[in-house]
Amino acid sequence: KDVGQAVVVAVTFAAVFEAEAEDARSGYRLGVALPLLQVLQRVNERLLEENPAENQLFDIILITTDSWQQQQSFSIINSTRHHGLEVSRFCFSKEEDFIESLMQNNVQLFLTTDGNEALQATQQGVPSALLDKNSASCPSEQLRVLFCEDAIIQPHAGSTAASKKSAQVRTSTSIFSHALNKY
């Protein structure tokens, strides 16, 4: 991957794994971000099949701000390997420095299950997505992503003022959506 050309996606430990569910043999159990990460990996594979010189690939960073999790860095890295997740970088940051870490790593999309983290990142100019811990994840060959500016979408909640607001795709997501549109 050409770091200068890659679409950098940072995802929190809490979105990738269930912290309280560690197995000595298989590591941490997978969380709500798994289907998205798997599809991004498949998009990378397909892009490289089409053009081995492709450099606009997805570059996944796993970030954690929890000091206990940072002490478990070996277990975290082994869990990603065990589950076959392509995480190119691990970012162990202090809670007060996580926005700076996102910016230093040129993150173009930040995925989290914590609404406060998503809000803080968005306020500092890092496009963010709040992943719903309560949504049932099911394996799929399709990835459906809705980009909305300042909107909260709740599936099956009916029409809300936020869901009626017209969606505006941010320019920082254009590479992301371009790659997804190919597949």
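Heavy atoms only: backbone and side chains are in, while hydrogens, waters and symmetry mates are out.
Separation of atoms CG (Leu102) and CD (Gln120) is listed at 10.0 Å; rounding is to 0.5 Å. Distance check, rounded to the nearest 0.5 Å: CG of Leu30 to CG of Leu85 gives 6.0 Å. One finds the OG atom of Ser79 at 7.0 Å from the CZ atom of Phe13 (value rounded to the nearest 0.5 Å). Atom CG of Leu36 sits about 4.5 Å away from atom CG of Leu40, to the nearest 0.5 Å. Atom CD in Gln124 sits 6.0 Å away from atom CD1 in Ile99 (nearest 0.5 Å). How far CD of Gln104 is from OG of Ser93: 8.5 Å, rounded to the nearest 0.5 Å.
For the residue pair Gln56 and Leu47, the shortest heavy atom distance occurs at O-CD1, 3.8 Å. Across every non-hydrogen atom of Asn44 and Glu86, the tightest pair is ND2-OE1, 4.5 Å.
In this structure, Ser128 contributes its side chain and Val126 its backbone to a donor-acceptor pair below 3.5 Å. A donor-acceptor pair is defined here as one N or O able to donate and one able to accept, closer than 3.5 Å; such a pair exists between the side chain of Asn105 and the backbone of Ser101. Between the Asn55 side chain and the Gln5 main chain, no donor and acceptor come within less than 3.5 Å of each other. Remark: side-chain polar atoms of Gln108 are paired, donor with acceptor, to backbone N or O of Val8 under 3.5 angstrom. With Ser88 contributing its side chain and Ile60 its backbone, the two residues share a donor-acceptor pair below 3.5 Å.
Between Asp59 and Val9, the closest side-chain pair of non-hydrogen atoms is not below 4.5 Å. Val87 has its side chain out of reach of Ile61: every pair of non-hydrogen atoms, C-beta onward, lies at least 4.5 Å apart.
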Determine all donor-acceptor pairs shorter than 3.5 Å in which one atom belongs to a side chain in residues 109-118; sequence neighbours excluded.
unit_1 : atom_1 : unit_2 : atom_2 : d
Thr112 : OG1    : Asp114 : N      : 3.0
Thr112 : OG1    : Glu117 : OE1    : 2.6
Asp114 : OD1    : Asn116 : N      : 2.7
Asp114 : OD1    : Glu117 : N      : 3.1

Determine, stepwise, if the pair Gln41 / Glu45 fulfils side chain to side chain donor-acceptor pair (under 3.5 Å). CA-CA 6 Å; Gln41 283 179 212; Glu45 291 165 5; 5.0 Å; no

side-chain contact (heavy atoms from CB on, under 4.5 Å) evaluation trace for Phe17 with His83: CA-CA 11 Å; Phe17 297 111; His83 293 294; 4.0 Å; yes

Begin from the C-alpha positions of Phe98 and Thr12 and carry the test side-chain contact (heavy atoms from CB on, under 4.5 Å) through to its verdict. CA-CA 10 Å; Phe98 92 95; Thr12 62; over 6 Å; no

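Linking Ile, Leu, Val, Met, Phe, Trp and Tyr whenever their side-chain heavy atoms come within less than 4.5 Å leaves Leu130 and Val107 in two separate clusters. Residues Leu48 and Leu37 fall within the same hydrophobic cluster, defined by Ile, Leu, Val, Met, Phe, Trp and Tyr side chains chained together at heavy-atom separations under 4.5 Å.
The aromatic rings of Phe90 and Phe92 lie parallel to each other, their planes meeting at an angle below 30°, with 60° marking the opposite boundary.
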